[in-house]
Number of protein chains: 2
Amino acid sequence: MTNRIETQCRAHGLRLTGQRRLIAQVLATATDHPDVYELHRRVSERDPHINLATVYRTMKRLESEGIVERQAFRGGRSRYERVSKRHHDHLIDIETGAVVEFKNAEIERLQELVARELGYRLVSHRLELYAVPLANVSPRKNR
Amino acid sequence: MTNRIETQCRAHGLRLTGQRRLIAQVLATATDHPDVYELHRRVSERDPHINLATVYRTMKRLESEGIVERQAFRGGRSRYERVSKRHHDHLIDIETGAVVEFKNAEIERLQELVARELGYRLVSHRLELYAVPLANVSPRKNR
DNA sequence: GTAGGTGCAAATCTTTTGCCGAGCG
DNA sequence: CGCTCGGCAAAAGATTTGCACCTAC
């Protein structure tokens, strides 16, 4: 079974080793934004011998090929996600660490405008909203 | 000579040691967004014995007191800036690494809106624009 | 067969911390 | 004089890398 990421690896001339196949499958089925340790944990379930350094190397390679995107939210490890058809930004639930994706065309348009006004051409951006759930005023532990 | 940051330290009950005075002065005169190594380099010019750990500890303390703000732009070390009267975001010149501050009320308003629509209350945000200068197509070194 | 990939351990880089002597208030 | 600080070195956490062996193509 060949998934989209494996196809992309082929297209970019990456050798399809067993380890990469596993990582590709994990990435293809991930609906969240796992960090390298989490990825390693997941692939380890299927191949307990795969090394953390291999996951690091593979993710770095996939990133430089533009197949995945690295997100460095505040503090801690970098997290990855597939480069999707649609660009989007992130809302991070500061109580649970959950990540919600969103997109707002108007904000994007204003960003271009702001950059131009400052004498620049916008190349990329990063927008993260840190927020707490509205309804439940759960007095949980902080952090 | 007592500057604003020293006054703030007093107000927050921090002891005004020689090292902190130096760091406060460097911060007060900084117009850029230095990282801890750069801060250490600057204070070292006046006191070659000051330790890097001291700068780290001081900056961490100033951050927790809300006197400075930590910025972790893509990759590398964290950078600091004084908490200013006005909140603002950053545009990073990807050719030179220069940081331009800006503020756009409309974008802020839309952010609140987006969060609410997703069922959250916005606590804070981070918006970074990565851009290149418009006019001058300077073929300088990259990075 | 060979260039690229992997495992493993050690190195790097950034930041934090334990310990203890020192100085601010 | 007591409690906070600072220097120093070591630890910790994330990521990278050198090296020798391995394997996809």
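Residue numbers start from 1 in every chain, and the chains themselves are labelled A, B, ... in the order their sequence lines are given, proteins ahead of strands. Note: hydrogens, waters and symmetry copies are ignored here, and every other heavy atom, side chains too, is used. Quick caveat, the model's predicted, so the values are computed rather than measured.
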Requested in this report: Please name all residues satisfying side-chain contact (heavy atoms from CB on, under 4.5 Å) with A/Glu65, sequence neighbours left out, ordered by chain then number.
Outcome: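 Once residues adjacent in sequence are excluded, the partners of A/Glu65 under the side-chain contact (heavy atoms from CB on, under 4.5 Å) criterion are A/His12, A/Leu14, A/Arg61, A/Ile67.
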Query raised in the report: Residues two or more places apart in sequence or in another chain: which of them pass side-chain contact (heavy atoms from CB on, under 4.5 Å) with B/Ala28?
Result: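 So B/Ala28 forms a side-chain contact (heavy atoms from CB on, under 4.5 Å) with B/Asn3.
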Query raised in the report: So, for A/His125 and B/His90, is the gap between ring centers shorter than 6.0 Å?
Result: no
Let me know the distance between [atom1] of [X] and [atom2] of [N], rounded to the nearest Å.
X: B/Glu63; N: C/dT14; atom1: CD; atom2: P; result: 18 Å
X: A/Ile50; N: C/dG5; atom1: CD1; atom2: P; result: 14 Å
X: B/His40; N: D/dC8; atom1: NE2; atom2: C1'; result: 12 Å
X: B/Asp47; N: C/dG23; atom1: CG; atom2: P; result: 12 Å
X: B/Met59; N: C/dT15; atom1: CE; atom2: C1'; result: 14 Å
X: B/Arg61; N: C/dC24; atom1: CZ; atom2: P; result: 17 Å
X: A/Arg21; N: C/dT6; atom1: CZ; atom2: P; result: 12 Å
X: A/Leu22; N: C/dG7; atom1: CG; atom2: C1'; result: 15 Å

Query raised in the report: A/Leu39 pairs by side-chain contact (heavy atoms from CB on, under 4.5 Å) with which of A/Leu27, A/Ile23, A/Leu22?
Result: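 So, applying the side-chain contact (heavy atoms from CB on, under 4.5 Å) to A/Leu39 and each of A/Leu27, A/Ile23, A/Leu22, only A/Leu27 qualifies.
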Query raised in the report: A/Tyr120 and side-chain contact (heavy atoms from CB on, under 4.5 Å): which partner among B/Leu91, B/Leu129, B/Ile92?
Result: B/Leu91
Query raised in the report: Residues from residues 9-19 of chain A sitting under 4.0 Å of DNA chain C, heavy atoms only?
Result: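 Contacting residues: A/Arg15, A/Thr17, A/Gln19.
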Query raised in the report: Do any side-chain nitrogens or oxygens of A/Asn51 fall under 4.0 Å of OP1 or OP2 in C/dC8?
Result: yes
Requested in this report: Step by step, work out the side-chain hydrogen bond (donor to acceptor under 3.5 Å, both in side chains) result for A/Glu81 and A/His88.
Outcome: CA-CA 11 Å; A/Glu81 67 179 324; A/His88 60 256; 3.0 Å; yes
Report task. Give me the bend of the helix from C/dG1-D/dC25 to C/dG25-D/dC1, using the axes of the five pairs at each end, rounded to 10°. Result ->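 The end-segment axes of the helix from C/dG1-D/dC25 to C/dG25-D/dC1 are tilted 40° relative to each other.
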Expected rows: protein N/O vs nucleotides 14-18 of chain D N/O, under 3.5 Å:
residue	atom	partner	partner atom	Å
D/dA14	OP1	A/Arg77	NH1	2.7
D/dA14	OP2	A/Arg77	NH1	3.0
D/dT15	OP1	A/Ser78	N	3.2
D/dT15	OP1	A/Ser78	OG	3.2
D/dT15	OP2	A/Tyr56	OH	2.5
D/dT15	O5'	A/Tyr56	OH	3.4
D/dT16	OP1	A/Lys60	NZ	3.2
D/dG18	O6	A/Arg57	NH1	3.3

Query raised in the report: Between B/Arg126 and B/Glu128, is there a salt bridge with N-O shorter than 4.0 Å?
Result: yes
Query raised in the report: Hey, are B/Arg109 and B/Glu112 close enough for a salt bridge, meaning a charged N less than 4.0 Å from a carboxylate O?
Result: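 B/Glu112 and B/Arg109: not salt-bridged.
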**Report entry** 4.5 Å side-chain heavy-atom contact, A/Val43 and A/Gln19
**Finding:** no
Query raised in the report: Around atom CZ of A/Arg41, are there more than 12 heavy atoms of other residues, nucleotides or ligands at under 6.0 Å?
Result: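 Correct, the count exceeds 12.
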Query raised in the report: Taking only residues two or more places apart in sequence or in another chain, which ones pass side-chain hydrogen bond (donor to acceptor under 3.5 Å, both in side chains) with A/Arg42?
Result: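 Only A/Asp32, A/Glu38 meet the side-chain hydrogen bond (donor to acceptor under 3.5 Å, both in side chains) criterion with A/Arg42.
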